[in-house]
Amino acid sequence: MNLFVKAVIAFSALTISVQQTSAQVYLDDTAAIEDRVDDALSRMTAEEKVALLHAYGKFASSGVPRLGIPQLMMSDGPHGVRAEINWNDWKYAGWTCDSATAFPALTALAATWNPELSALYGKSVGEEARYRGKDVLLGPGVNIYRTPLNGRNFEYMGEDPCLASVMVVPYIQELQKNGVAACVKHFALNNQEQWRGEVDVNVSDRALYEIYLPAFMAAVQQGGAWSIMGAYNKYQGEHACHNHRLLVDILRGEWGFDGAVITDWGGAHDTGEAALNGLDIEMGSYTNGLTSESKFGYDDYYLAGPYLAGLRDGIYPDSTLNAKAANVLRLIFRTSMNRNKPYGALASPEHYNAAKAIADEAVVLMKNSGILPLDTAAQDMKILVVGENAIRNLNEGGGSSDLKVKDMFTPLESLQKRFGNVTYAKGYISGRPRYGKEDIIPQPVLDSLRNEAVGLARKADVVIYIGGLNKNGFQDCESTDRREYNLPWQQDMLISELAAANPNIIVANISGNAYAMPWLDQVPAVVQSWYLGTMIGESMADVLTGKVNPSGHLPFSFPARLEDLRAHSAGAISYPGVTDADGSNPRQEYTDDIFVGYRGLERDSISPLMPFGHGLSYTTFEFGEPSLSQSVLTEGGNVTLTVPVSNIGRRAGAEVVQVYVADGHSSVPRPVKELKAFSKVYLNPGQTKTLHFDIDPSMLAYFDESTHSWKVEPGRFDLLIGSSSTDIRATLPLNYR
């Protein structure tokens, strides 16, 4: 681990220790909270209990003023605290004191493969939320990356349930130590934006439990999340925000969740289902959750006047009201009435350092034929930077993740600081960030910008291309999915022509999604950046110049073609779904079942463009001979896998050791292999460290639908140790009996 990251994490640990000593005593005192919940309930009227259950502002739900119980103040989002929104409409309030730190998007956090940085992230964003007086932060998101067209993939943690599960837990734990609740979203199966408010998802129980639920379960059972946000879509004919199977049977019944279930804004649709199916707080009803306004007042919400009338008429039992009110009171006592929560901070140097540390480890070096790192000592080197994303504020737009930043260090500015001779050409233009709409760029404009950039490329020593996607509608943006897998605004043509004009080209794209690379063989280097927030330019420049050795690994596969993924190869029924002849009743079948991402590619023997878990370095790592503490695993036991890793190169760096499990003799279809453990190790040149992984039977199991339980079949399994899903360095047999 480099010294900068060590210092940031050490400071974080010290600060947590100092600030949380008294807070933890209170926050962990479950018995005391339950006594207060019972006492408050005994003093409240039915009207006061109902008032707890719905909004009375765009981002606030009511307390009990008569008893001195305050309201809950909520805020988007998982990458930073959103600027203040007006009380009763979607416009920004125009405050001058709500500029925040933009932290890297959660896709970038997942690309670090570093749970320590996830903890630092949660701590830092929690401090900013605390400073702003927020009780509930609407995030993090852990929906599974099923298709590269999903407009909100950048808000989630990749395609693998193991990676997402491990990374989400420390974020939640450290966030909530600030007395700010995580609201983990979107539960569940919200894996696309098209028809998001109504599409009815049909998925097998096996895929539900093996792929789509594990990260949510980890968030609840290991992270201790205090609230959950329901999804917009339907599942088994019921909207997810009041879905009996998801919220009553699974979330509370199987997982023991004791927090509050909050709708996505506009996610409630029926008083009866909301009353009986596990919903606690209703927000944003009769709106689209982004821009539209309601003609109705808060007392017209499903869990407001109509629910109270149903209680009085005996339609709904009083037990439902008391259970809901108790869940909301518990959330209030953990957050807004937590008398010992620590002080917060906003856009502090420590938070900028945290954002930089996370961004540094998120950048993925996908290809390098020797052109990187660039030599900053070559001051006479003529560098051409091309691409709109080199200068664009990529925190604007995108839906609820929109952020008002105090500072923004763009890639162009940061490269100009490191090199004296930097020329810039935009190359293309994309228009304004708008939800559900897009600007159409005239072809002559695109031609002119492309020709200008290509002409300048002929005169440069090195071309750095910084394009990709952005937060416009139909890109990485809430409410719309992408229309195509290729890069928009004719960027593929632009990159190809730049490469023909100058072979010394580095493609350093920014996106929250995978994309096609028809120009891959024409360029010597490809660097995948993400929406890295405030420190995006500094991290990208440090990686390109070698001040930071890249250590990010892909949290999802880059398929060569969209059709290579099972979510797309089955046709519209699988994605985006089909409707009746009049366009109503959208529905879809998850025909890919458990074979999502690399699981499907490998099952179909299709080589990816870039594999899951892939990430190169400026140094070289060597895996030693792995070993097992014993060759047989039995029920209730575990074995220890030992893997030595050496840095045999000349630079300090970090490698991600990934452990996959393969069951080649199963009675049911299983993936070729599945990620079950990983560890990031930091090594100086010539240094060797030995990693230890505990392997237990749960890592070998599949979900048996016939018994509704996890099952391990006796026989041989293989443990595969590698640096990506396709770069396997060693295999060890393990017998289970």
Side-chain angles (χ1 to χ4, degrees), residues 19-20 23 26-27 52 54-63 69-88 90 92-103 106 121-141 155 171-185 223-229 259-265 280-281 283-284 289 328-348 351 354-355 395 399-406 533:
Q19 291 185 335
Q20 302 302 330
Y26 178 81
L27 292 175
L52 291 176
H54 60 83
Y56 85 122
K58 273 284 186 260
F59 286 89
S61 62
S62 183
I69 297 174
Q71 72 273 13
L72 288 168
M73 302 300 295
M74 309 178 193
S75 178
D76 295 316
H79 310 141
V81 185
R82 193 175 182 184
E84 204 66 25
I85 303 290
N86 285 335
W87 191 260
N88 278 321
W90 292 108
Y92 283 110
W95 288 11
T96 58
C97 58
D98 56 350
S99 296
T101 305
F103 294 93
L106 292 186
Y121 195 129
K123 171 188 179 294
S124 302
V125 75
E127 288 175 347
E128 300 223 346
R130 175 70 193 99
Y131 184 90
R132 289 274 306 283
K134 305 304 179 184
D135 305 305
V136 180
L137 190 68
L138 304 176
E155 296 188 48
Y171 179 116
I172 294 169
Q173 291 172 334
E174 296 304 319
L175 167 68
Q176 294 188 163
K177 286 179 182 179
N178 289 281
V180 176
C183 187
V184 184
K185 61 185 188 185
W226 291 339
S227 62
I228 292 284
M229 180 185 289
V261 175
I262 303 173
T263 67
D264 206 337
W265 271 232
D280 298 311
I281 301 178
M283 301 295 295
V328 179
L329 287 168
R330 191 177 297 115
L331 181 59
I332 291 173
F333 294 148
R334 285 168 165 168
T335 58
S336 64
M337 287 193 75
N338 169 15
R339 294 161 293 192
N340 297 304
K341 54 189 171 185
Y343 295 112
L346 190 68
S348 67
H351 292 170
N395 298 299
S400 58
S401 67
D402 182 88
L403 288 173
K404 177 182 175 182
V405 294
K406 181 175 180 291

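It should be emphasised that the depicted structure is a prediction, and the values quoted were computed from it without experimental measurement. The first residue of the sequence shown is numbered 1, and numbering continues consecutively from there.
- A search for ring-ring contact (aromatic ring centres under 6.0 Å, His included) contacts involving Trp87 returns Tyr56, not counting sequence neighbours.
- Taking Tyr121 as the reference, Phe103, Tyr171 meet the ring-ring contact (aromatic ring centres under 6.0 Å, His included) condition, with sequence neighbours excluded.
- Residues Leu331 and Ala260 come closest through the heavy atom pair CD2-CB, 3.9 Å.
- For Tyr131, there are no ring-ring contact (aromatic ring centres under 6.0 Å, His included) partners, not counting sequence neighbours.
- In this structure the side chain of Trp226 reaches within 4.5 angstrom of the side chain of Thr335, judged on heavy atoms.
- Taken to the nearest 0.5 Å, the CG atom of Asp402 stands 6.0 Å off from the CZ atom of Arg82.
- Residues forming a side-chain hydrogen bond (donor to acceptor under 3.5 Å, both in side chains) with Thr101 (at least two apart in sequence, or on another chain): Glu128.
- The shortest side-chain heavy-atom distance between Met337 and Ile69 falls under the 4.5 Å cut-off.
- Judged as a side chain to side chain contact (heavy atoms under 4.5 Å, CB included), and not counting sequence neighbours, the contacts of Ser61 are Leu72, Met74, Ile281, Met283.
- Residues Met73 and Ser336 are not in side-chain contact: their nearest non-hydrogen atoms beyond the backbone lie 4.5 Å or more apart.
- Salt bridge absent: Arg130 and Glu127 never bring a charged side-chain N and a carboxylate O closer than 4.0 Å.
- When all heavy atoms of Asp76 and Ser400 are compared, the pair lying nearest together is CB-O, 3.2 Å.
- Atom CE in Met229 sits 7.5 Å away from atom OG1 in Thr263 (nearest 0.5 Å).
- Here Asp280 contributes atom CG and Arg330 contributes atom CZ; the two are 9.0 Å apart, rounded to the nearest 0.5 Å.
- In this structure, the separation between CG on Asn178 and CG on Asn338 is 10.0 Å, given to the nearest 0.5 Å.
- Between Lys404 and Glu84, none of the side-chain N atoms (NZ, or NE/NH1/NH2) sits under 4.0 Å from a carboxylate O, so this pair counts as no salt bridge.
- Taking all atoms of both residues into account, the shortest heavy-atom contact from Ile172 to Gly224 is CG2-C, 4.5 Å.
- In this structure, Leu138 CG and Ser227 OG are separated by 7.5 Å, a value rounded to the nearest 0.5 Å.
- For the pair Ile262/Val136, a side-chain contact is recorded, criterion being any heavy-atom separation below 4.5 Å from C-beta on.
- Between Gly57 and Ala55 the shortest heavy-atom distance is O-CB, 3.4 Å.
- The closest donor-acceptor contact from the side chain of Trp265 to the backbone of Phe59 lies at 3.5 Å or more, if one exists at all.
- When every heavy atom of Ala129 is checked against every heavy atom of Leu137, the shortest pair comes out as CB-CD1, 4.4 Å.
- Panel note: side chain Asp98, backbone Ala83; no donor-acceptor pair is recorded below 3.5 Å.
- A distance of 5.0 Å separates OG in Ser75 from NZ in Lys134, rounded to the nearest 0.5 Å.
- Side-chain contact between Leu175 and Lys123: absent, with no pair of heavy atoms (C-beta onward) separated by less than 4.5 Å.
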task = Begin from the C-alpha positions of Asn86 and Tyr92 and carry the test side chain to side chain contact (heavy atoms under 4.5 Å, CB included) through to its verdict.
result = CA-CA 6 Å; Asn86 285 335; Tyr92 283 110; over 6 Å; no
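- Under a 3.5 Å cut-off, the side chain of Glu155 and the backbone N or O of Pro78 do not form any donor-acceptor pair.
- Evaluation of the salt bridge (Lys or Arg N to Asp or Glu O under 4.0 Å) rule for Asp135 yields Lys341 as partners, not counting sequence neighbours.
- Using modelled atom types, one side-chain atom of His79 and one backbone atom of Leu106 make a donor-acceptor pair closer than 3.5 Å.
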